[in-house]
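Everything below concerns the one structure shown next.
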Amino acid sequence: MYLNHIVEAIGNTPLVKLNNVTDGIKGTILAKVEYFNPGNSVKDRMALKMIEDAEKAGLLKPGGTIIEGTSGNTGMGLALAAIAKGYKCIFTMSDKQSKEKQDILRAVGAEVIVCPTNVAPDDPRSYYSVARKLNQEIPNSIYPNQYDNPSNSAAHYETTGPELWQQTEGKITHYAAGVGTGGTICGTAKYLKEQNPNIVTVGLDTYGSVFKKYKETGIFDENEIYPYKTEGIGEDILPKNVNFDLIDLFIKVSDKDAALMTRRLAKEEGLFVGWSCGSAVYGALEYAKEHLKEDDTMVIVLPDHGTRYLGKIYNDDWMREQGWL
Ligand SMILES: Cc1ncc(COP(=O)(O)O)c(C=O)c1O
């Protein structure tokens, strides 16, 4: 028995009980460990789906180029799918992302263009604008735009949601995930709420992002926006993949609390995971401490692997420079 290509290994990741960071919490806390995907992140699921849907729609033709703005993980998923299917990749990335993420994408054959972080999304230098411009200039290219592409949420509706329902044998009562494009949380939540409308979904946000205030007040408040360090979650835009009706509440987690929890997950659970995993677990457990009952089962999504953060949160010198150790 073998797979015809590595992309066939995407999905069906393990669900693992958290045992040591959950002191004082009633109920069962389970982690969906997405680094088991071949690109080491949850984003493999939607990257493959965006490409396959673009092929079906006739938008992507043989020899085509895939252009995307990505914090790295979507790029990895797109790159693997592009290798399987014979496409070229060009990725734009903001300069706050780990150097490792750029190198990893170049290793799998992509061209990477680094853009400044601290400019407005509609500034021509932003990684959104550069991707859009390249798409206009390069013939036979597509810009999947993970923020607004419905294939992103659909991938999770079709795979992550059913996996969690089956793995928990329908016992899941709470579902928590970080929110970047919104694809993971909303696609999965849509499926889960169709099975059981009482399932509570908790979205994890960062300080410096617009989501929480928008959910609570309906106001897109530019004053909420400032630079933060956590990679992959929180936004200064409202992506179409974020369906606020499917997210019951948001909790904001600081860069420091997320970093320290990520290191605990590695040391105390043996889960060598990425920075936004600490955000997800820290925030979800804050909620769980107050609201979870003995019979409840909460699933928290852990999006990616720790190797991408060796130069940052897993580096003691870097942590000391931040004043976090
Ligand atoms: C490390 C990491 N965590 C969390 C997320 C958020 O997932 P989503 O975009 O599906 O909301 C991303 C997405 O870029 C990510 O790269």
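Atoms within each ligand, like the ligands themselves, are counted from 1 in listed order. Side chains are part of it too, since the values below use all heavy atoms of this structure and drop only hydrogens, waters and symmetry mates. Along the sequence shown, residues carry numbers from 1.
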Residue-ligand contact Q146/ligand 1, heavy atom below 4.0 Å
no
Check: E194/Y157 side-chain N/O donor and acceptor closer than 3.5 Å
yes
Just heavy atoms, cut-off under 4.0 Å: does T184 contact ligand 1 by side chain, backbone, both, or neither?
both
Do you see a donor-acceptor pair shorter than 3.5 Å between the side chains of E235 and Y214?
no
Is I233 close enough to touch ligand 1? Criterion: a residue heavy atom under 4.0 Å from a ligand atom.
yes
S276, any N or O under 3.5 Å of ligand 1 N or O:
yes
Under the criterion salt bridge (Lys or Arg N to Asp or Glu O under 4.0 Å), which of E52, E158, E163 is the partner of R45?
E163
Short N or O distance, G180 and ligand 1, threshold 3.5 Å exclusive
yes
Heavy-atom closest pair (D255 atom, W324 atom, distance to 0.1 Å) is CB-CH2, 3.5 Å
T181 and ligand 1 - part of the residue with a heavy-atom distance under 4.0 Å:
both
Please say whether H156 places an N or O atom under 3.5 Å from an N or O atom belonging to ligand 1.
no
Quick check: does N73 get an N/O under 3.5 Å from an N/O on ligand 1?
yes
Regarding ligand 1, does G182 bring an N or O atom to under 3.5 Å of one of the ligand's N or O atoms?
yes
Contact region, Y147 to ligand 1, non-hydrogen atoms below 4.0 Å, reads neither
